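These numbers come from a predicted model, not from an experiment. Any value given below was found using the heavy atoms of this structure, including those in side chains, with hydrogens, waters and symmetry copies removed.
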Amino acid sequence: LAPAPARAPAPLVWPVAHAACAEQNARHRSYMEDETVAVVDLLGGDAGGGGVGGSGGTPAYALYAVYDGHGGRTAVDYVCAQLHRAIAAEVRASRGLGLGECLQRAFMRADAALKPAGAYSAGTTAAVVLLARDPGGSVRLHLANCGDSHVLLVPRRAAGAAGAAGAAERLSEEHSGKAEREVARIEAAGGTVAYGRVGGMLAVTRALGDHALKSDPHGKGLTAEPFLAERQLRADEHLALVLGSDGVWESLNDAAIGQIARQVLEERPPAGMAGARAQAAAAEVAQRLVRTAVQRGSRDNVSAVCLVLEP
């Protein structure tokens with residue numbers, strides 16, 4: 001038998017546009033605790049302090065995140081302002097190696113800093129995507145998440161007008177009192193889960209902050225330790241990335257979210273789009289996701305970020 005042909009190198013893929021949409025959902029929530037962050041050049045093009053940056057043949061980095069606070073804004077405000085800075089410092093110090101470990105260390109550093117900052121009854125989930133591009137054009141996605149905010153990778157339709165649409169892939173992991181593996185982990189650490197809540201109080205099993213519960217025997221196992229994952233992105237396979245708070249997933253599943261993103265981007269095919277056209281497509285995806293989640297009964301704050309990937 002002839003050997004299978006080698007797979008072609010991954011074509012360059014990088015977000016051509018990104019947009020966020022957030023809704024307090026005032027009918028059910030009297031305050032807003034979601035935040036989104038986009039840092040399109042994480043290291044600011046500065047090759048100092050570790051030799052990594054956006055020019056001179058060294059890797060480039062971009063970061064996108066969704067945070068969903070609870071118990072007030074103490075934790076979410078701190079994390080929104082500081083976590084990407086902690087990640088950038090770790091990337092510089094590591095010279096761009098071990099990016100998953102960089103994310104993990106930054107999460108734990110931020111969580112430790114939240115204790116003296118007073119985040120005892122306040123906390124936040126986090127879903128963070130770090131994109132790393134090397135000089136050859138290969139792009140890897142590095143994900144870290146804790147809690148129930150999520151990241152979805154939406155594939156392109158197969159070649160041809162009637163090409164099949166692959167299933168959207170959830171890259172993040174669910175950390176809630178409804179996830180059997182997380183309940184088992186909490187109980188193995190000596191904590192308790194009652195009525196789907198850690199210590200009978202907190203719906204998520206991983207979060208930054210919440211230091212009062214982390215210090216309570218019933219909260220043993222509650223941690224900011226993130227789930228880590230990575231993927232190589234390919235322009236011929238991947239259409240978009242969607243990040244969202246749990247308010248999106250409260251009334252939409254992965255398939256519905258992927259379908260909405262694909263419908264918008266196929267209505268406005270991104271091939272050849274630049275500037276305002278690509279931005280409008282990203283914004284429409286984020287807005288439709290938030291609007292549809294609210295219409296279908298979400299009772300939480302609802303936030304979504306869409307990254308349109310280069311065709």
Testing the basics here: between [X] and [Y], what is the closest heavy-atom pair and its distance to 0.1 Å?
{"X": "Gly258", "Y": "Val154", "answer": "O-CG1, 4.0 Å"}
{"X": "Cys102", "Y": "Ser94", "answer": "SG-OG, 3.2 Å"}
{"X": "His150", "Y": "Asp148", "answer": "CD2-O, 3.3 Å"}

Is the closest side-chain donor-acceptor distance between [X] and [Y] under 3.5 Å?
{"X": "His28", "Y": "Asn301", "value": "no"}
{"X": "Ser245", "Y": "Asp34", "value": "yes"}
{"X": "Ser149", "Y": "Thr125", "value": "yes"}

Any donor-acceptor pair under 3.5 Å from [X] side chain to [Y] backbone:
{"X": "His211", "Y": "Asp111", "value": "yes"}
{"X": "Arg73", "Y": "Met32", "value": "yes"}
{"X": "Ser298", "Y": "Ser251", "value": "no"}

Hey, are [X] and [Y] close enough for a salt bridge, meaning a charged N less than 4.0 Å from a carboxylate O?
{"X": "Asp236", "Y": "Arg156", "value": "no"}
{"X": "Arg296", "Y": "Glu250", "value": "no"}
{"X": "Arg181", "Y": "Glu173", "value": "yes"}

Query raised in the report: Do Val308 and Val248 share a hydrophobic cluster (ILVMFWY, side-chain heavy atoms under 4.5 Å, transitive)?
Result: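 Yes, it is one cluster - the side chains of Val308 and Val248 are joined through contacts under 4.5 Å.
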
**Report entry** Test applied, side chain to side chain donor-acceptor pair (under 3.5 Å); reference residue, Arg206; option that passes from Glu225, Glu174, Glu182
**Finding:** Glu182

Requested in this report: Check the pair Arg105, Glu101 against salt bridge (charged side-chain N to carboxylate O under 4.0 Å, His left out), reporting the backbone distance first and the verdict last.
Outcome: CA-CA 6 Å; Arg105 288 193 297 268; Glu101 291 79 3; over 6 Å; no

Query raised in the report: Could you go step by step and tell me if Glu169 and Arg231 meet the salt bridge (charged side-chain N to carboxylate O under 4.0 Å, His left out) rule?
Result: CA-CA 11 Å; Glu169 179 186 7; Arg231 292 287 188 280; 2.5 Å; yes

Query raised in the report: Crowded around Met108 CE? As in, over 12 foreign heavy atoms under 6.0 Å?
Result: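 Enclosed.
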
